[in-house]
Asker: 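For reference, the structure I am asking about is given below.
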Amino acid sequence: MATGTMAMAEKGKVKVAVFDDAGNLTGVEEVPRIAKADAEWKAELPEAVYLVMRKKGTERAFTGRYYQNHEEGIYRCASCGTALFSSKTKFDSGTGWPSFYEPVHQLNVKVESDLSLGMERDEVVCARCHGHLGHVFPDGPPPTGMRYCMNSAALLFVRRK
Ligand code: FE
């Protein structure tokens with residue numbers, strides 16, 4: 001971890017890129033990290049969101065609200081509102097989960113090693129609230145070759161105004 005990142009983690013702050021609902025980057029801001037007790041998350045999040053974001057659950061394929069969404073807009077974190085993905089990078093992966101070839105900004109998501117279920121996968125989490133979003137795999141389309149396989153329950157779509 002870079003020294004700068006370490007210092008920010010200690011201060012409980014995180015740098016995120018801020019996007020308006022038209023999908024424009026309005027700046028990079030240092031904001032307080034969001035950390036809550038499990039009971040607090042459980043009380044405030046809808047159950048489906050809680051199970052995915054705080055318990056690292058996976059919604060059943062072809063059941064989420066966004067895998068077939070083709071509207072233009074921004075996908076925000078369902079827990080904290082941080083902008084995570086743009087419809088511009090969404091593609092039909094055929095998996096039954098909303099899939100993107102890159103995050104809206106590298107600052108806004110973090111990738112961590114996940115060794116659960118006897119697999120070695122790269123878990124994707126929200127940089128601000130550390131909520132589980134899904135996983136990323138190196139079998140996506142150009143230009144990145146990456147497939148960010150997300151749970152609809154972890155996202156909140158905001159249609160472009
Ligand atoms: Fe978040």
Side-chain angles (χ1 to χ4, degrees), residues 1-2 4-36 40-41 44-46 48-54 56-59 64-93 95-112 114 122-161:
M1 190 183 273
T5 312
M6 185 74 85
M8 274 202 292
E10 284 163 10
K11 280 191 294 178
K13 297 216 171 167
V14 61
K15 251 186 201 168
V16 297
V18 179
F19 289 79
D20 63 21
D21 286 345
N24 300 310
L25 175 68
T26 59
V28 170
E29 290 178 16
E30 199 181 32
V31 293
R33 208 173 275 284
I34 297 176
K36 296 182 186 181
E40 216 175 326
W41 283 122
E44 79 180 37
L45 296 176
V49 179
Y50 172 77
L51 291 175
V52 167
M53 300 201 78
R54 309 318 310 183
K56 302 183 192 291
T58 300
E59 67 198 11
R65 54 186 171 171
Y66 296 139
Y67 76 95
Q68 297 191 93
N69 184 25
H70 297 296
E71 291 189 288
E72 279 183 40
I74 286 272
Y75 292 82
R76 296 184 178 277
C77 174
S79 290
C80 77
T82 297
L84 300 174
F85 294 95
S86 163
S87 59
K88 290 178 197 152
T89 68
K90 193 171 189 289
F91 66 98
D92 279 318
S93 62
T95 60
W97 289 288
S99 304
F100 304 84
Y101 64 72
E102 72 185 353
V104 73
H105 199 286
Q106 295 297 335
L107 282 176
N108 293 12
V109 302
K110 283 178 58 188
V111 176
E112 303 185 344
D114 173 11
D122 288 323
E123 179 190 3
V124 183
V125 302
C126 172
R128 186 169 188 195
C129 73
H130 209 260
H132 173 79
L133 304 172
H135 292 87
V136 58
F137 303 93
D139 58 9
T144 64
M146 302 305 283
R147 172 172 59 96
Y148 286 78
C149 183
M150 300 291 101
N151 288 279
S152 296
L155 304 173
L156 188 66
F157 177 69
V158 181
R159 191 180 298 115
R160 193 165 118 188
K161 298 207 166 71

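Start at 1 with the first residue, then count along the sequence.
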Asker: Taking Val109 as the fixed residue, which of Val136, Val16, Val104, Leu133 is the one that meets the side chain to side chain contact (heavy atoms under 4.5 Å, CB included) rule?
Answerer: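 Testing Val109 for a side chain to side chain contact (heavy atoms under 4.5 Å, CB included) against Val136, Val16, Val104, Leu133 leaves exactly one candidate, Leu133.
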Asker: What is the ring orientation for Tyr66 with Tyr75, classed by angle as parallel under 30°, tilted 30 to 60°, or perpendicular over 60°?
Answerer: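 Geometry flag for Tyr75 against Tyr66: perpendicular rings.
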Asker: Would you give the length of the straight line joining atom CG of Asp139 to atom OG1 of Thr95, rounded to the nearest 0.5 angstrom?
Answerer: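 Here the interatomic distance stands at 9.5 Å.
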Asker: Would you name the heavy atoms of Phe91 and Gly140 that are closest together and state the gap between them?
Answerer: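 Result for this residue pair: CZ-CA, 4.4 Å.
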Asker: Which pairs, with at least one residue in residues 82-93 and sequence neighbours excluded, count as a salt bridge (Lys or Arg N to Asp or Glu O under 4.0 Å)?
Answerer: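 Non-adjacent pairs meeting salt bridge (Lys or Arg N to Asp or Glu O under 4.0 Å): zero.
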Asker: Is the shortest side-chain heavy-atom distance between Cys77 and Met53 below 4.5 Å?
Answerer: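 They are in side-chain contact.
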Asker: Identify the two heavy atoms, one from Leu155 and one from Phe85, that lie closest to each other, and give their separation to 0.1 Å.
Answerer: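 So the minimum-distance heavy-atom pair works out to CD2-CD1, 4.4 Å.
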Asker: At their closest point, which heavy atom of Val14 faces which heavy atom of Ala127, and how far apart are they?
Answerer: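 The answer is CG2-O, 3.6 Å.
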Asker: Looking only at non-hydrogen atoms, find the nearest pair between Ala17 and Leu25 and report the distance.
Answerer: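 Nearest pair, atom of Ala17 first, then Leu25: CB-CD1, 3.6 Å.
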Asker: Quick check: are there more than 12 heavy atoms from other residues, nucleotides or ligands sitting under 6.0 Å from CZ of Arg65?
Answerer: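 Counting neighbours around CZ of Arg65, more than 12 heavy atoms of other residues, nucleotides or ligands fall under 6.0 Å, so yes.
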Asker: Donor-acceptor pair, distance only, cut-off 3.5 Å: does the side chain of Asn108 make one with the backbone of Ala83?
Answerer: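 Yes; judged by distance alone, with no hydrogens or angles, the pair exists.
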Asker: Quick check: does any side chain N or O of Arg160 sit under 3.5 Å from a backbone N or O of Glu71, one acting as donor and the other as acceptor?
Answerer: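 Absent.
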Asker: Take the angle between the ring planes of His132 and His135 and call it parallel below 30°, perpendicular above 60°, tilted in between.
Answerer: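 Answer is perpendicular, since the angle exceeds 60°.
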Asker: Distance-only, no hydrogens or angles: does the Arg33 side chain make a donor-acceptor pair with backbone N or O of Arg128 under 3.5 Å?
Answerer: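 Checking the backbone N and O of Arg128 against the side chain of Arg33, no donor-acceptor pair under 3.5 Å is found.
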Asker: Measure from the side-chain N and O atoms of Thr89 to the backbone N and O of Phe100, and report whether any donor-acceptor pair falls under 3.5 Å.
Answerer: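 Checking the backbone N and O of Phe100 against the side chain of Thr89, no donor-acceptor pair under 3.5 Å is found.
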Asker: Check for a donor-acceptor pair, side chain of Glu59 on one end and backbone N or O of Ala153 on the other, with a separation under 3.5 Å.
Answerer: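 A pair under 3.5 Å: yes.
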Asker: Return the OG to CG distance between Ser152 and Asn69, rounded to the nearest 0.5 Å.
Answerer: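 Atom-to-atom, Ser152:OG and Asn69:CG are 8.5 Å apart.
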Asker: Work out which heavy atom in Ser79 is nearest to a heavy atom in Val49; give both atom names and the distance.
Answerer: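 Heavy atoms of Ser79 and Val49 come nearest at OG-CG1, 4.5 Å.
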Asker: Tell me which pairs pass salt bridge (Lys or Arg N to Asp or Glu O under 4.0 Å) where either residue lies in residues 16-25, with sequence neighbours left out.
Answerer: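 Checked against salt bridge (Lys or Arg N to Asp or Glu O under 4.0 Å) - neighbours excluded - the pairs reaching residues 16-25 are Asp21-Arg76, Asp21-Lys161.
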Asker: How far does CD of Glu72 sit from OG of Ser86, to the nearest 0.5 angstrom?
Answerer: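 Separation between the atoms: 8.5 Å.
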Asker: For a quick test of reading the model, state the closest non-hydrogen atom pair linking Thr144 to Tyr101 and the distance between them.
Answerer: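 Smallest interatomic distance, heavy atoms only, reads OG1-O, 2.6 Å.
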Asker: Do the non-hydrogen side-chain atoms of Pro98 and Phe157 ever get within less than 4.5 Å of each other?
Answerer: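 When only atoms from C-beta onward are counted, Phe157 and Pro98 do not touch, as no gap falls below 4.5 Å.
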Asker: Using a 3.5 Å distance criterion without hydrogens, assess whether the side chain of Ser99 forms a donor-acceptor pair with backbone atoms of Arg147.
Answerer: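 It does not hold such a pair.
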Asker: How far apart are the C-alpha atoms of Cys126 and Cys80, what are their side-chain angles, what is the distance that settles it, and do they pass the side chain to side chain contact (heavy atoms under 4.5 Å, CB included) test?
Answerer: CA-CA 9 Å; Cys126 172; Cys80 77; 3.6 Å; yes
